[in-house]
Amino acid sequence: MRRKLVAVHELYPQLLDELSASFDLTHFTRLASDADHRAFEEAMSEAEAYVGSNVAFTEALLDKTPHLKVVASVSVGVDAYPVESMRERGIVLTNTPDVLTESTADTGFLLLMMAARRAGEMLRMVRNHEWKASLSRRHFGLDVHGKTLGIVGMGRIGQAVAKRGHDGFGMSVRYYNRSAKPEVESALDARRVDLDALFRDSDFICVTIPLSAETEGLIGRNCFSLTKPHAVFVNISRGKVVREDELVACLQDGTLHYAGLDVFDQEPLPVNSPLLALDNAVCLPHIGSSTFQTRNAMCDLAVDNVKRVLDGEEPLTAV
Ligand code: NAP
């Protein structure tokens, strides 16, 4: 008998065909309606395996999944899952580290460069037919090369951002992290500092720390009030690591010069978000890992993890 798998993700066509052939598959691209949610819960009540992202795994949902053996998240962040409770219930949780590191670091550098050169504002100016003469000083941006880059959370993605800054742009690297990373310090000439020093001394700050009980709301006015006059703040981790109301207020009153954001407190970003009215904030719709190659690799890894667990083997990337 084919095993029951629920997938909530936009799987690429070949993988969808493969899964349909080898599993009793219930597939949702996303859970868009109440009917989708009801059908999802019904399918989960019989499923042995789940592959997906953007579904909040509550205790109430887990109570309805007596046969569930493996949850393969198509993400590296696992803030949407009650990790301890799943462990106690004997459900294996897997994620997709490494395969998304470089694409997400690219997104960090994209935002850093967009903010430095005010690319969003310049694009709007051209589109709105406001480019009528050569640029004046009020349109100028900032250099990136040779500046100081501060990384909050020097893990896989943080290191990949730091490498871009150090190797590509001759930047000095500072980092804030739970543990020291001596190998990064020697490879990138990076210096570990406390959070205040990082915000005080960096020209560009990039947040790549996971969201957890410890890091929720870690960054707010306490940090932004320490920044240099032209500091650029980039967040590619999770919106809730930052107190967004304080970020907005600091951008509005000039405490913080500029922000580049891929992630937000609420996603999709509400149409009435004050961030959208700010010239000194460039916002992307959580594109961190969303390239064809990376998303396919994430799906492949998640499916490999499911197959391994159902076959009684160790998954490749357990949380
Ligand atoms: P990772 O390799 O686990 O790195 C996380 C780093 O943060 C580690 O160095 C860890 O320190 C440090 N850290 C964790 N908790 C800390 C704390 N309380 N205080 C200080 N340092 C702490 O993770 P990753 O693969 O780089 O991914 C990082 C995050 O990026 C993910 O969790 C996810 O939320 C986000 N992400 C976003 C996107 C996007 O689309 N924008 C895409 C991918 C990932 P230790 O080494 O000491 O444990």
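These numbers were taken from a predicted model, which means no experiment stands behind them. Here, residue 1 is the first one in the sequence, and each next residue gets the next number. Atom set for the values below is all heavy atoms of this structure, side chains included, hydrogens, waters and symmetry mates excluded. Order of listing sets the numbers, starting from 1, for every ligand and every atom in it.
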Margin query: Quiz question: by atom type and distance under 3.5 Å, do the side chains of E267 and H286 form a donor-acceptor pair?
Written below: yes
Note to self: Within the 4.5 Å heavy-atom criterion, are L62 and S85 side-chain neighbours or not?
What the structure shows: yes
Checklist line | Minimum side-chain heavy-atom gap V70-I91 below 4.5 Å | finding: no
Item checked: Atoms in ligand 1 flagged as close to S289, the criterion being non-hydrogen separation under 4.0 Å -> 40 (O)
Checklist line | Donor-acceptor side-chain pairing of N305 and T317 below 3.5 angstrom | finding: yes
Next item on the list: Return yes when K181 approaches ligand 1 closer than 4.0 angstrom through a heavy atom, no otherwise.
Entry: yes
Notebook entry, point to check: Should S237 be listed as contacting ligand 1, given a heavy-atom distance under 4.0 Å as the test?
Noted result: yes
Next item on the list: May I ask you to identify the nearest protein heavy atom to atom 2 (O) of ligand 1, giving residue, atom name and distance to one decimal place in Å?
Entry: R156 N, 2.9 Å
Next item on the list: Check the side chains of T107 and T104 for a donor-acceptor pair under 3.5 angstrom, ignoring hydrogens and angles.
Entry: no
Check: Quick one: do the Y12 and D300 side chains pair a donor with an acceptor below 3.5 Å?
Finding: yes
Next item on the list: With heavy atoms under 4.0 Å as the rule, classify the contact between T107 and ligand 1 as side chain, backbone, both or neither.
Entry: neither
Notebook entry, point to check: Can you find an N/O atom of T104 closer than 3.5 Å to an N/O atom of ligand 1?
Noted result: no
Next item on the list: Give yes or no for whether the N/O distance cutoff of 3.5 Å, strictly under, is met between D262 and ligand 1.
Entry: yes
Margin query: Regarding ligand 1, does D79 bring an N or O atom to under 3.5 Å of one of the ligand's N or O atoms?
Written below: no
Next item on the list: Determine, considering heavy atoms only, which of L218, N177, D98 sits nearest to atom 11 (O) of ligand 1.
Entry: N177
Notebook entry, point to check: Considering distance alone, does some N or O of G155 sit under 3.5 Å from an N or O of ligand 1?
Noted result: yes
Check: Would you say the side chain of R117 lies within less than 4.5 Å of the side chain of L142, judging by non-hydrogen atoms?
Finding: no
Margin query: Does any N or O of ligand 1 fall below 3.5 Å from an N or O anywhere on G153, backbone included?
Written below: no
Item checked: Residue selection (non-hydrogen contact nearest atom 7 (O) of ligand 1) among P210, G288, S179 -> P210
Checklist line | Heavy atom of the protein closest to atom 31 (C) of ligand 1 (residue, atom name, distance) | finding: V76 CG1, 3.7 Å
Margin query: Which of the numbered atoms in ligand 1 are under 4.0 angstrom from any heavy atom belonging to T208?
Written below: 28 (C), 29 (C)
Notebook entry, point to check: Do T148 and R174 get their side chains close enough for a donor-acceptor pair, meaning under 3.5 Å?
Noted result: no
Next item on the list: For I236 and ligand 1, answer yes if some heavy atom of the residue is under 4.0 Å from a ligand atom, otherwise no.
Entry: yes
Notebook entry, point to check: Would you say the side chains of E185 and Y175 form a donor-acceptor pair under 3.5 Å?
Noted result: yes
Margin query: For the 3.5 Å polar cut-off, considering only N or O atoms, please tell me whether R238 and ligand 1 meet it.
Written below: yes
Checklist line | Selected option - heavy-atom contact closest to atom 21 (N) of ligand 1, from E214, K240, R178 | finding: R178
Margin query: Between ligand 1 and I209, is the shortest N or O to N or O distance under 3.5 Å?
Written below: no
Note to self: If we only consider heavy atoms of T101, is any one of them less than 4.0 Å away from an atom in ligand 1?
What the structure shows: no
Next item on the list: Check whether any heavy atom of S212 sits under 4.0 Å from an atom of ligand 1.
Entry: no
